[in-house]
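Excluded from the calculations below are hydrogen atoms, water molecules and symmetry mates; all remaining heavy atoms, backbone and side chain alike, are included. Note that this is a predicted model, so its numbers are computed, not measured.
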Amino acid sequence: MLLLQVLIVTSTWSYGSSQITLIQTPLSVTREETKTARMGCKILEKSFNFNSAYIHWYRQSPGEAPKRILYIGSRSAIMDEGFDKEKFEAEKVDSASTSNLRVHQLTREDAATYYCATWDRTVLKRHRQPIFAKDLLTVILATTSGVLIKVFGSGTKLIVTDIQAKLDSTKIQVLPPFTEQDGKVSYMCFIEDFYPNVIKVTWEAENKNEEKNGVHEEIWPPDDNQQSYSLSSWLTIDKDSSKNYSCKYQHEIQGGFVPTKSPDKSVVSQTAESCINKPGNGTTLSTGPPMTMSSWLTVDTKSNKNYRFKYQHESKEGFVPTKSPDKPVVSQTTGGCSQKPENGTTLSTDIPAKLDSTKIQALPPSTEKHGKVSYMCFIQDFYPNVIKVTWEDEKKKNAEKNAVHEEIWPPGDNQQSYSLSSWLTVDKNSNKNYRCKYQHEIKEDYVPMESPADTFADTTVIPQTTTSCIKFAENNTTLSTDIMDSYIHRTAYFIYIVLLLKSTMYYIIVLFFIYRMQSPIKHQGKKP
């Protein structure tokens with residue numbers, strides 16, 4: 001028996017100059033249901049005998065091991081058990097050393113990562129150099145005469161959704177370096193508003209890879225249900241370098257690069273009016289009166305990253321951490337330096353911040369209108385007046401499209417206690433459990449509530465009519481109840497009775513005076 005051992009390797013390997021490389025394109029394919037997805041696999045090495053090679057195609061669904069769909073040689077594809085030949089179609093183009101896979105009549109179950117693979121038939125003697133693989137997945141067959149290695153491509157991710165893929169090249173930029181540390185400067189490549197979240201970014205200098213000096217941040221937001229993603233990447237190089245670097249990107253919509261200028265510019269400093277500030281870590285930033293330096297960073301409000309301000313001075317260097325910008329803006333106490341910077345951050349005085357979770361409540365719906373019911377989230381007695389309130393369902397999906405947020409009141413900035421109400425309108429028969437989520441510098445949490453279907457299971461909803469609504473202009477609040485209607489009717493009836501009695505009294509008085517006026521006339525007409 002020639003076969004001695006089979007090894008499946010999932011780490012990164014490389015085994016010498018004879019290793020072949022499989023390039024899969026595109027990185028991802030985004031299609032709607034019932035459509036067809038197409039992906040390719042190309043072998044770069046000219047010495048590889050592609051005509052006689054077998055190309056294998058695998059599918060790896062989320063949370064599952066890879067499963068082979070089919071393999072194709074010089075003839076038609078051979079399907080593996082459990083896969084439909086009407087859905088999967090493969091071909092080999094020998095002249096281009098390429099194999100293509102098509103997936104027809106897409107369904108949600110077809111969303112997965114697809115890999116191509118082939119056997120590298122290079123025979124390696126047992127006592128030669130160690131074997132190191134460099135692919136995502138490598139299979140090694142050890143035989144009496146040597147080893148055979150199955151090499152996999154980088155993979156193509158198939159996304160089945162109604163969301164359209166997008167990437168706008170005008171939203172890709174490389175920010176020039178403005179600080180220096182130990183003779184090094186850093187570029188940042190920022191790519192925003194793309195979908196899906198499958199993208200490859202690399203740094204190059206004169207067509208040579210510079211990834212050893214690059215750092216790639218995670219794609220955010222991390223949730224796959226989002227429709228807009230962003231990515232930042234950093235390249236650190238010598239300040240005196242004369243090379244022209246570029247940020248190269250690859251996405252299913254398009255690929256390209258953004259060039260940078262050589263970092264021979266001087267470090268730019270920014271000045272502002274003097275206000276000595278003590279950050280939260282106790283470090284004092286002060287350049288001596290009357291001059292100081294300030295720097296502002298503007299980021300996406302949906303970012304979940306924690307940024308930090310880094311400073312360097314001849315006497316000291318360090319950094320000041322910040323909170324991620326998905327938190328509410330935090331008021332800072334500066335002991336009398338009350339400024340409002342251009343980004344709207346409020347610098348307040350020595351009033352302590354407060355928020356009592358016991359004073360936050362979500363009122364259940366009590367009326368129905370056109371098959372809809374409304375919840376109200378009421379938050380009172382908090383300070384400062386910087387708070388974020390959102391509605392979501394039990395799956396943490398945003399429900400803001402059906403929400404209405406009232407203005408924070410009182411409107412004056414000098415108050416020490418604020419309140420806020422927010423409304424969510426949903427279908428009466430909805431079986432989802434909604435919650436009111438709030439974020440404040442003191443605390444962030446949510447208030448849950450039952451679904452409308454459970455709330456009205458054993459109760460009768462009172463239809464709301466527009467004729468019984470009384471609207472108050474002060475806070476734009478509408479009151480509508482049977483008690484208010486009854487009160488109005490009783491008041492009107494009482495006023496009617498009073499007016500009737502008053503008119504009757506006037507009638508009696510008028511009759512009395514007429515009678516008195518006619519009495520002397522009658523007496524004068526009598527004979528003595």
Side-chain angles (χ1 to χ4, degrees), residues 6-29 37-61 64-80 83 88-103 110-124 131-142 146-159 196 198-202 204 207 209 211 248-252 255:
V6 178
L7 303 177
I8 299 180
V9 183
T10 57
S11 58
T12 301
W13 293 66
S14 162
Y15 60 92
S17 59
S18 61
Q19 183 179 7
I20 62 174
T21 302
L22 280 68
I23 303 298
Q24 288 189 239
T25 55
L27 295 177
S28 63
V29 178
R38 180 183 181 276
M39 57 198 76
C41 175
K42 182 178 181 63
I43 297 179
L44 299 180
E45 282 69 21
K46 296 181 180 180
S47 59
F48 182 78
N49 188 357
F50 188 84
N51 295 349
S52 61
Y54 284 87
I55 304 298
H56 306 253
W57 283 96
Y58 289 78
R59 180 173 74 180
Q60 184 176 20
S61 300
E64 298 181 8
K67 296 180 181 179
R68 191 175 68 174
I69 304 171
L70 56 84
Y71 65 93
I72 182 172
S74 57
R75 300 180 180 179
S76 60
I78 307 299
M79 305 294 302
D80 278 33
F83 292 96
F88 298 97
E89 177 187 1
E91 65 175 353
K92 276 184 66 181
V93 183
D94 294 340
S95 59
S97 298
T98 301
S99 176
N100 298 315
L101 175 69
R102 291 180 177 87
V103 185
D110 294 322
T113 302
Y114 292 79
Y115 296 94
C116 65
T118 190
W119 288 105
D120 186 348
R121 300 182 179 277
T122 303
V123 178
L124 302 179
I131 301 174
F132 303 97
K134 75 173 184 179
D135 299 291
L136 177 65
L137 183 64
T138 302
V139 179
I140 302 177
L141 294 183
V147 295
L148 300 178
I149 297 181
K150 196 172 198 177
V151 183
F152 283 69
S154 56
T156 294
K157 186 174 181 179
L158 174 59
I159 302 164
V198 183
I199 194 170
K200 183 178 181 180
V201 177
T202 54
E204 293 185 354
N207 295 327
N209 190 286
E211 279 298 282
K248 184 179 179 180
Y249 59 93
Q250 294 174 277
H251 190 264
E252 70 173 85

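Under the 30°/60° scheme for interplanar angles, the aromatic rings of F152 and Y58 are found to be tilted.
Side-chain contact check for I72 versus Y54: every heavy-atom pair is 4.5 Å or farther apart. At least one side-chain heavy atom of M79 sits under 4.5 Å from a side-chain heavy atom of L70. Here the side chains of E45 and T21 are in contact, with some heavy-atom distance below 4.5 Å.
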For side-chain contact (heavy atoms from CB on, under 4.5 Å), just list the numbers for W119 and H56, CA-CA rounded to whole Å, side-chain angles, deciding distance to a tenth of an Å, and then say yes or no.
CA-CA 9 Å; W119 288 105; H56 306 253; 3.9 Å; yes
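Taking both residues in full, the closest heavy atoms of I20 and V151 are given as O-CG1, 3.9 Å, listed atom of the first, atom of the second, then distance. Shown here for I55 and W57, the closest heavy-atom pair between the two residues is CG2-NE1, 4.0 Å. Contact record, I199 with Q250: CG1-O, 3.3 Å, taken as the closest heavy-atom pair. Across all non-hydrogen atoms, the minimal contact from P26 to T156 is O-OG1, 2.8 Å. Closest approach of C116 and L22 over heavy atoms only: SG-CD2, 3.6 Å. Nearest heavy-atom pair across G40 and N100 is CA-OD1, 3.5 Å.
Counting only distance, with no hydrogens or angles, the side chain of K92 and the backbone of F50 share a donor-acceptor pair below 3.5 Å. The main-chain N or O of Y114 is found under 3.5 Å from a side-chain atom of Q24 such that the two form a donor-acceptor pair. At least one donor-acceptor pair under 3.5 Å links the side chain of S99 to the backbone N or O of E91. Between the side chain of T113 and the main chain of K157, no donor-acceptor pair closer than 3.5 Å is present. Not a single donor-acceptor pair under 3.5 Å links the side chain of Q60 to the backbone N or O of A112.
No hydrogens or angles considered: nothing links the side chains of T202 and E211 as a donor-acceptor pair under 3.5 Å.
Salt-bridge check for R59 with E64: failed, with every basic side-chain N at 4.0 Å or more from each acidic carboxylate O.
Taking OG of S154 as the reference point, atom CD1 of I23 lies at 6.0 Å (rounded to 0.5 Å). Atom OG of S95 and atom CG of N51 lie 9.0 Å apart (nearest 0.5 Å). Residue R38 holds its CZ atom at 10.0 Å from CG of L101, rounded to the nearest 0.5 Å. Atom CE of residue M39 and atom OG of residue S28 lie 10.0 Å apart, to the nearest 0.5 angstrom.
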